[in-house]
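Reminder, nothing fancy here: chain letters follow the sequence lines and each chain counts from 1.
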Amino acid sequence: MQSFSIGLAPMQADPVVTLGGNLNLLWVIIGAVLVIFMQAGFALVETGFCRAKHAAHVVSTNFAVFGLGFIGFFLVGFPFSLSAWDVSGYFGGEIGAAVGSPLIGDGSWIFLFKGGWALSGGGIDAGVIALFLYMVAFMDTTATIPTGAMAERWKWGSFVIWGLFCGAIYYPLFAAWTWGGGWLSQTWDTMSLGAGYVDFAGSGVVHTVGGVAALAGSIVLGPRIGKFGADGKPRGLPGHHIPMAMLGTFILLFGWFGFNAASTLAATDVQFAVVAANTAIAAAFGAITAMLWITKRTGKPDPGMMANGMLAGLVAITAPCAFVSPAMAAVIGVIAGVLVIEAVFFIERKLKVDDPVGAIAVHGVCGTFGVLAVGLFANGSYGAGWNVSDSEGVEGLFWGDAGQFGAQLLGVVVLWTVIFGIAYAFFKIQDTVSKSRGKGGIRSKEADEINGLDIPEMGVLAYPEFVSQN
Amino acid sequence: MQSFSIGLAPMQADPVVTLGGNLNLLWVIIGAVLVIFMQAGFALVETGFCRAKHAAHVVSTNFAVFGLGFIGFFLVGFPFSLSAWDVSGYFGGEIGAAVGSPLIGDGSWIFLFKGGWALSGGGIDAGVIALFLYMVAFMDTTATIPTGAMAERWKWGSFVIWGLFCGAIYYPLFAAWTWGGGWLSQTWDTMSLGAGYVDFAGSGVVHTVGGVAALAGSIVLGPRIGKFGADGKPRGLPGHHIPMAMLGTFILLFGWFGFNAASTLAATDVQFAVVAANTAIAAAFGAITAMLWITKRTGKPDPGMMANGMLAGLVAITAPCAFVSPAMAAVIGVIAGVLVIEAVFFIERKLKVDDPVGAIAVHGVCGTFGVLAVGLFANGSYGAGWNVSDSEGVEGLFWGDAGQFGAQLLGVVVLWTVIFGIAYAFFKIQDTVSKSRGKGGIRSKEADEINGLDIPEMGVLAYPEFVSQN
Amino acid sequence: MQSFSIGLAPMQADPVVTLGGNLNLLWVIIGAVLVIFMQAGFALVETGFCRAKHAAHVVSTNFAVFGLGFIGFFLVGFPFSLSAWDVSGYFGGEIGAAVGSPLIGDGSWIFLFKGGWALSGGGIDAGVIALFLYMVAFMDTTATIPTGAMAERWKWGSFVIWGLFCGAIYYPLFAAWTWGGGWLSQTWDTMSLGAGYVDFAGSGVVHTVGGVAALAGSIVLGPRIGKFGADGKPRGLPGHHIPMAMLGTFILLFGWFGFNAASTLAATDVQFAVVAANTAIAAAFGAITAMLWITKRTGKPDPGMMANGMLAGLVAITAPCAFVSPAMAAVIGVIAGVLVIEAVFFIERKLKVDDPVGAIAVHGVCGTFGVLAVGLFANGSYGAGWNVSDSEGVEGLFWGDAGQFGAQLLGVVVLWTVIFGIAYAFFKIQDTVSKSRGKGGIRSKEADEINGLDIPEMGVLAYPEFVSQN
Amino acid sequence: MKLVTAIVKPFKLDDVKGALKTAGVAGMTVSEVRGFGRQGGHTETYRGSEYQIDFVPKVRIDIIVDDADAERVVDTIVGAAATDKIGDGKVWVTDVDRLVRIRTKEEGADAI
Amino acid sequence: MKLVTAIVKPFKLDDVKGALKTAGVAGMTVSEVRGFGRQGGHTETYRGSEYQIDFVPKVRIDIIVDDADAERVVDTIVGAAATDKIGDGKVWVTDVDRLVRIRTKEEGADAI
Amino acid sequence: MKLVTAIVKPFKLDDVKGALKTAGVAGMTVSEVRGFGRQGGHTETYRGSEYQIDFVPKVRIDIIVDDADAERVVDTIVGAAATDKIGDGKVWVTDVDRLVRIRTKEEGADAI
Ligand SMILES: Nc1ncnc2c1ncn2[C@@H]1O[C@H](COP(=O)(O)OP(=O)(O)O)[C@@H](O)[C@H]1O
Ligand SMILES: Nc1ncnc2c1ncn2[C@@H]1O[C@H](COP(=O)(O)OP(=O)(O)O)[C@@H](O)[C@H]1O
Ligand SMILES: Nc1ncnc2c1ncn2[C@@H]1O[C@H](COP(=O)(O)OP(=O)(O)O)[C@@H](O)[C@H]1O
């Protein structure tokens, strides 16, 4: 997606335009529904890769974060970030006009917006509401990424605050800057960088933003007891339910088509078909490359890495999916399949950070690669006028536009400094405050972690009847 | 949905109208597919909340009820209830004209219809068949609700009869009265109550009808062995697979968008986008409210209650989703989130009725609330001419139309007297006949219940290899 | 689907035609997404019906085969089979023109095509790419069928080769002959057989092709250790997770609507609604018939057979779904429900072939029945000009066209001789070569099979914590 | 001391535990086992093929008791576990040389 | 009476059960255990990190027999469970003071 | 020979195994059990209704040792399993009449 609307020109009178708008509105709603279903995928991947004694806790954080983030975004997150986005052009002209206006900054330097709190007040119509539904689903994806990296040791009460914070403030910032019409999207104007910062469906806005929060949270929590041996070497703590994780991965693949393909916000823009295919191509190549690479590295086709490989391809293609050819989507998938494995190794072995599900590598690292991929592989055939720029099509370094790569690089820097910093500050402050209040911080009690969080935190075991080892 | 057709006026000649009709037909089919998928959600929620020794039985009832109800509805249920519904206006005018006619009653006092048995005979076209597919999916939702409340003690043979009965006769009655053009939908005329009885997507027709059957069935079966202590206090019998139940809940959320949003029967009616958003909003607020409320009541965020809370919000918004604003959808979700928990307590502690999954509270109680919510919160902005009435928009008590509340109240009374009575009579007679035949009634043998229904009833264990306790 | 395009005539100028094309393109993409999700269904059904000690291996083959087949089809399979298919008529005329040309044969006797390797080169547009995405999903269904029949004893390395082979060469052959415009589709011309060989959505192209490969593979592998007693009688080896298999079946039902209904390739062809309903009808009748039939045969409603019964109905209706009435769809479902059970018995008891999940009976036998069903039950009301023939509607034997039945019979003979032969040769050669290289063939080591393939092949157990028996 | 080992029907565990508590038994260790005996198994069919279920789920209870209490404990279990239907199970007693409570290192009777 | 306890490879359970039946053993109790011994474990990698699998799945069989039958039963198990590969397991015999059949209250040999 | 049986906290299994290895113990058999004792259980609520969790997960370790080693092995376990918190568990020793290694048919000490 991009800030402001292209697509069908608003012509009230023309019934074909109106009908085209109806078709586009339906596509956006279907897209939103598919993305919302991804929550189930995350829940299963994260739960399957964790240990049975924490399974009820992990699946419940994934369940609750949907509602927590949603409420924060509904009340203030959407107004802050995307309320000034005029999508009427997609929906036939009669609905979807912007309801918001700048809150902080103006012109090409806007940082936050206002208007349409709790979807109330004037101008709220079916078009704006459809945009909200699609966008809240994206936000919830970001919100649920840290629940994986921080699993098995995160206090329920602390987690609840994260969910609200992510939906209300954390996610909206970068979303406002990229899609809401904020300063990053205007860098084509302010810094004459290509078409400005471009992220078609959210490798950056959604995945990297979630991935850096996952890293920040894991650092503040520290590794799970037993993850690193006395020698400092990471130890494998096998997930308790591989088929569950695999099902979750398939559900994510399924939902991702709504994530990427519906980001055209228009079925009247046939590029959505190319986007859908590129998404599948990157997923397939990512999964198989990871399967081969992990076999080369450790001798066997670890199912967990295969799954991560598919997700890596999906995350990486999310930003460039509309701007690259199918063959290039395959290349991006291959690179992501190798990158995700090496990233997992680096994070565990070098950074000594414990991420039970590989969320940092998948979303943070491959998301970053996806953002840069736009600046490298975009072939200029799509995206004329992107970000209301004068661009004739988004074009990457390899196709001659170094400026576009500059814009992408700028976005990456912002993500890993400003956004990571905000996430780290959030968790650190929350932890410090909790400790100073004698509440022991955001990490669960040692005894609870050892015996499993399910009974102490949730009051029920995930599997009260199955006899399990360890 | 409502009885009889609004939407696009039939203009054979106009290709735009035809194309709009194609779009609407596609939306209805996609909606049907999503609702059919909800069967998987019910199967997982109900199985996850039951004990491992009955899991193959519970999942199989959920599986088989799809086909059993389907066959009954295909042969006679659809003709009885909805065969006289003319949906041609939605589908471009050329298809979807009514095939049926009144069977019992006439004018504003119709009780049953006839025509189109087994989708055979004249007039059956793609439009009628699409309506059938969408409606059979709604019926199956009703059919599967009692399988949860009656789980762990229901004889397979007795269950099979229920499935056929629900599809053929039980569900069709109230559906005919509300959506088929029956007497309840005509109360705007006969009793000058608002726009007549209004239920947009089935809080009453589907959920309350299923919920009262769940209550009736649970009463006839009696509680599971060990559910109530010697002191008469209910005892918790933890479900065997919490992640399974959570996945099921997410699948239900996913399918619910087809349930509610496609109930416009038209993508050319942009209100479907508002409906979709309101559905998600009520689900999110329902889940989080229930999470907070159960923590307040028992100290921990019980995953089972969180899941019930989301479903409660979904059930409650189903009837009013098209008539209320997003903010009001949030309010409805909050109320449902509290209501479902208090209802579970009341049903277990006061009525001493055993409902392993909370189906009565979720579908029966929150469904009833949803029906009333139309009569309270509908803001008059949508639904002009509903039920072919002269209404300028469905308006609830709080917006000034007491008559509408009266219509809704009348529907509720009918649901809890006539429909509950029919369900109770069905189970009671079935039980009595079976006993008089020396077949021991509709409840499974005590020994089977103690050792688990899987082997004696299904011949296989759900998990023949996992060692389990109790 | 059929070879070459009907539907909307290409009229560049007309915005309604363009919009209709957009709608159709969206329908095809949504169909593709639904079919891709079926991979999850296959993974769960096959894993649930296998034993816990092999679960990580079985689920991983189902996961990896998606990517392996995809890559083979992307690089050469699609060009070989479907690159000469002009679908521009469906998509508004401006996109979707054929990119390929005959490679082997010409006129009415084409065997393979060429062009558009790796979706690169001229003419590749959103229409062609959409067709690819939809078709690759069909191919992957074929690719994953043998993973069920050959489960619990198939070496990972050998399986990987199958995945690539299926996507690149095995699947494309029959697809080219049926849908690509190949010789079978031209038999109306060359042999004046009805409208030529007709397979609406793939009972033959996808399911029988997969089913015969499953049979060939199982024969080459031989039965699992312990499957047949000393007396040669088959022994039941219960699947380890019945709810998982049931969920998988529901997911397959869900995805099947994309498989069949979107095979109109056009939402402007309202027959898609009839197709969707017929699909559901056959599934419901198949499931319930199988439930009753297995109860009659062995005394209890085996959940595994219920699930197979629904899939049998789905597979059988796939070829005829657009050409038969709803009532006939019910008949086809009933026949399939009995057929699948008798086929399982025959394959196990008479052929002594071990198929852990019933893939041969479901896909091979019921797929064959589906192909023949077109030649028997097609009522002539749909399919005028099919295969660019002069047919006024596909008509089966019972409606008077023996020629059509002849075409279907011819297809069946080709499937069970040529295609089965190719599959058998592939597995046999692979096995022989591997043995001659001292690699021990395509079957896993005896010790690995006894202790479970998970650790030796994948390096992780599916359930490292759950204590399990046997 | 003595080690009293009982094999009982799973759904009887609660009753046995209750009876033992009343009888003043302070602790026990329980495990899930499968039993084979007179009760025998049965044949079922899966996907049309027969399979044997030879073993019946049972619960094993191990209790260390003072020599003096052994008899009473055995009788308590027998009393509480009996349904008088085949498959009720067995109770047996073996001799224990030494017992230590890990936490306190107490030995013998004090460690019970 | 004696209590014969055997630790065997899981896939050998059927053979052992069969042999014992033929040898006239009327009942036994089986449980899933994990063994550690000469057979040792192995190292695998999960998501790139190594982990130890120290224990091998085994099955434990407990059989109460008449003193006279103990030797024969032990030999039967040893005969049926052997694969002559490392990890075949052990059989040991301990003394039982008292045995009661819960259903009938029979004691001693009659209770077997 | 002696059979040393220990009931310990699950997360202590690794430490105990390590200590026993160091102490030269070549093999052991482990099983998952549930314990009831002073540590007691607790009450939780599920869907608003209370339920009892009476048993605590424990691990059972069975080790056959030479008479001479029994004491040392017991002490090793006690040393490694102790957390000094209630619920640490017990160790007991019983006498073994006969031991056979299935693979080699070796008897007695050689079979350990
Ligand atoms: N000889 C034996 N040794 C060990 N356990 C036994 C023995 N005989 C029976 N059992 C256990 O006792 C249980 C009940 O025994 P069974 O013969 O079925 O009925 P009953 O206890 O009424 O005689 C069996 O399932 C098995 O677990
Ligand atoms: N000292 C012991 N005490 C108890 N069980 C033992 C002991 N030694 C071995 N076992 C059990 O016997 C099994 C096989 O022993 P192992 O030494 O691996 O092979 P083998 O039986 O061929 O000597 C082990 O897995 C363990 O369950
Ligand atoms: N009399 C007993 N017989 C058998 N096992 C016992 C007995 N008493 C305790 N245990 C086992 O030891 C475990 C710990 O005992 P407990 O009394 O809770 O704490 P502690 O070991 O500190 O006294 C129990 O969970 C149970 O498994």
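Looking at A:Val460, only its side chain comes within 4.5 Å of chain B, counting heavy atoms on both sides. Contact annotation for A:Leu26: both backbone and side-chain heavy atoms come within less than 4.5 Å of a heavy atom of chain B. Looking at B:Thr249, only its side chain comes within 4.5 Å of chain A, counting heavy atoms on both sides. For A:Ala64, the parts sitting under 4.5 Å from any heavy atom of chain B are the backbone and the side chain alike. Residue contact with chain B, scored on non-hydrogen atoms closer than 4.5 Å, involves the backbone and the side chain of A:Leu119 alike. The part of A:Ile30 that comes within reach of chain B is its side chain, from C-beta onward, which places non-hydrogen atoms under 4.5 angstrom from that chain. When heavy atoms are compared at a cutoff of 4.5 Å, A:Phe466 approaches chain B by way of both its backbone and its side chain. Contacts of A:Val160 with chain B are made by side-chain atoms alone, with heavy-atom separations under 4.5 Å and no backbone atom involved. Contacts of A:Tyr463 with chain B are made by both backbone and side-chain atoms, with heavy-atom separations under 4.5 Å. Only the side chain of A:Leu44 comes within less than 4.5 Å of a heavy atom of chain B; its backbone N, CA, C and O stay farther away. Heavy-atom distances place no part of B:Met244 under 4.5 Å from chain A, backbone and side chain included. Heavy atoms of B:Met291 lying under 4.5 Å from chain A belong exclusively to its side chain.
When each of A:Ala56, A:Pro456, A:Gly127 is scored by its heavy-atom pairs under 4.5 Å with chain B, the top score falls to A:Pro456. Ranked by heavy-atom pairs under 4.5 Å with chain B, the first of A:Leu68, A:Val58, A:Ile95, A:Leu25 is A:Leu25. With chain A as partner, the option from B:Ala327, B:Gly236, B:Ala276, B:Pro243 having the largest number of non-hydrogen pairs under 4.5 angstrom is B:Pro243. Chain A forms more heavy-atom pairs under 4.5 Å with one residue of B:Ala330, B:Gly286, B:Ala280, B:Ser325 than with any other, namely B:Ala280. Among A:Ile124, A:Asn22, A:Asp454, the residue with the largest count of heavy-atom pairs under 4.5 Å with chain B is A:Asn22. Of all the listed residues (B:Gly239, B:Ala287, B:Ala52), the one sharing the greatest number of non-hydrogen pairs under 4.5 Å with chain A is B:Ala52. Between chain B and the residues A:Asp125, A:Leu23, A:Ile129, the largest count of heavy-atom pairs under 4.5 Å involves A:Ile129.
For A:Phe37 and B:Phe250, the ring centers sit 6.0 Å or farther from each other.
Using a distance-only test at 3.5 Å, with no hydrogens or angles considered, no donor-acceptor pair links the side chain of A:Thr147 to the main chain of A:Ala143. A donor-acceptor contact shorter than 3.5 Å links the side chain of B:Gln271 to the backbone of B:Ala322. The backbone N or O of A:Glu457 lies less than 3.5 Å from no partner atom in the side chain of A:Lys155, so there is not a single donor-acceptor pair. The closest donor-acceptor contact from the side chain of A:Tyr171 to the backbone of A:Val136 lies at 3.5 Å or more, if one exists at all. For A:Thr144 (side chain) and A:Asp140 (main-chain N/O), no donor-acceptor pair under 3.5 Å exists by modelled atom type. Between the side chain of B:Tyr134 and the main chain of B:Val33, no donor-acceptor pair closer than 3.5 Å is present.
Remark: A:Pro79 pairs with A:Trp117 by the side chain to side chain contact (heavy atoms under 4.5 Å, CB included) rule, at least two apart or across chains.
Below 30°, between 30° and 60°, or above 60°: for A:Trp154 and A:Trp162 the angle between ring planes is between 30° and 60°, a tilted geometry.
Taking 4.5 Å as the limit, some side-chain heavy atom of A:Ile251 sits within range of a side-chain heavy atom of B:Leu247.
Under the 4.0 Å criterion applied to side-chain N and carboxylate O atoms, A:Arg51 and A:Glu152 are assigned as salt-bridge partners.
Taking CZ of B:Phe345 as the start and OG1 of B:Thr298 as the end, the distance is 6.0 Å to the nearest 0.5 Å.
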